[in-house]
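Report on the structure given below.
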Amino acid sequence: MRPTDRVFVALDMPEIEGAKAMAAQVAGLVGGVKLGLEFFMAQGPAGIRDVIAAGDLPLFLDLKLHDIPNTVAGAVRSVAPLAPKFLTIHAGGGPAMIRAAADAAREEAERLGVPRMRILAVTVLTSLSDEDLAAVGQAVPAADQVRRLAQVAHANGADGIVCSPAEVALLRRDLPADFTLMVPGIRPTWAAANDQKRVMGPRDAVAAGADHLVIGRPITADADPAAAARRIAEELGA
Ligand SMILES: O=C(O)c1cc(=O)[nH]c(=O)n1[C@@H]1O[C@H](COP(=O)(O)O)[C@@H](O)[C@H]1O
């Protein structure tokens, strides 16, 4: 994989023109775009199609689905025509929900004749600390909870997980090489942490075993997003 292919830029914004302009600025410097809840709630599937058609970059659709298995399977079928490369669900939805998402992704891709989306299970959000976990009744270190959820995700047909860079090295030892580790919470030394708590620089995250890096504000909030994306690509060895 080329260093630039590792990076998915998070287009966390509500407007189509803004998302398209940002995608155009970083094209060639990143491997794909991530469109998530902020954009999807405002623009829906039609907006997603619009951005993708304009930029021709692989799509990571980050909807973090979390519901009963039947409902999640239906949601997966509903977004299958968008043919995202990756789609997120929450690992905390449990074994049957993860299995339902993976089965729906496979079956619907076959039915529609489109490439199968890869299901990524979000483990413990990178904005949560051990204290935050304790506050919601999960009084175990974040790394232990991530490891547990990663095993559940793998055992039930997910193609990979989303985790913080802090857990990557540990997980890489347990999981097969083709199980995708998608890693947000990436902060170059020159960028602000914002609301992220379990963070690491891009080069260190890849060295630890991350397959892909999700990077939003260090690129999109920079006065010169293309320069920021180029700087990150260079840090990754491009
Ligand atoms: O699923 C995700 O992508 C995700 C999971 C997670 O645990 N933490 C996390 O930050 N993300 C997403 O990754 C992106 C990070 O953006 P920045 O903090 O601006 O780099 C956001 O779009 C988040 O929604």
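For the numbers below, each heavy atom of this structure counts, side chains included, while hydrogens, waters and symmetry mates do not. Counting starts at 1 for both ligands and their atoms, in listed order.
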Per-pair distances, ligand 1 N/O vs protein N/O, less than 3.5 Å:
| unit_1 | atom_1 | unit_2 | atom_2 | d |
| --- | --- | --- | --- | --- |
| ligand 1 | 1 (O) | Asp62 | OD1 | 3.4 |
| ligand 1 | 1 (O) | Lys64 | NZ | 2.9 |
| ligand 1 | 3 (O) | Lys34 | NZ | 3.3 |
| ligand 1 | 3 (O) | Asp62 | OD2 | 3.3 |
| ligand 1 | 7 (O) | Thr126 | N | 2.9 |
| ligand 1 | 8 (N) | Thr126 | OG1 | 2.7 |
| ligand 1 | 10 (O) | Thr126 | OG1 | 3.4 |
| ligand 1 | 10 (O) | Gln196 | NE2 | 2.8 |
| ligand 1 | 18 (O) | Arg187 | NH2 | 2.7 |
| ligand 1 | 18 (O) | Gln196 | NE2 | 2.8 |
| ligand 1 | 18 (O) | Arg217 | NH2 | 2.8 |
| ligand 1 | 19 (O) | Arg217 | N | 2.7 |
| ligand 1 | 19 (O) | Arg217 | NE | 2.7 |
| ligand 1 | 20 (O) | Arg187 | NH1 | 3.0 |
| ligand 1 | 20 (O) | Gly216 | N | 2.8 |
| ligand 1 | 22 (O) | Asp12 | OD1 | 3.4 |
| ligand 1 | 22 (O) | Asp12 | OD2 | 2.6 |
| ligand 1 | 22 (O) | Lys34 | NZ | 2.6 |
| ligand 1 | 24 (O) | Lys34 | NZ | 3.2 |

Cut-off 3.5 Å, side chains only: do Ser127 and Asp195 have a donor facing an acceptor?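 Absent: no donor and acceptor within the cut-off.
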Look only at the side chain of Arg118 and the backbone of Arg116, and say whether a donor-acceptor pair between them is shorter than 3.5 Å.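 Between the backbone of Arg116 and the side chain of Arg118 there is a qualifying donor-acceptor contact (under 3.5 Å).
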Judged by atom type as modelled, is there a donor-acceptor pair below 3.5 Å linking the side chain of Asp5 to the main-chain atoms of Met1?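 Not at all, since once roles are kept as given, no pair shorter than 3.5 Å links the two residues.
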Is the distance from the ring center of His212 to that of Phe86 below 6.0 Å?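 When the ring centroids of His212 and Phe86 are compared, they turn out to be within the sub-6.0 Å range.
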Does Val214 form a side-chain contact (heavy atoms from CB on, under 4.5 Å) with Val183? I'd like the steps, not just the answer. CA-CA 6 Å; Val214 183; Val183 182; over 6 Å; no
Hey, which of Leu82, Ile52, Leu120, Val33 is the one that makes side-chain contact (heavy atoms from CB on, under 4.5 Å) with Leu61?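 Considering Leu82, Ile52, Leu120, Val33, a side-chain contact (heavy atoms from CB on, under 4.5 Å) with Leu61 is found only for Leu82.
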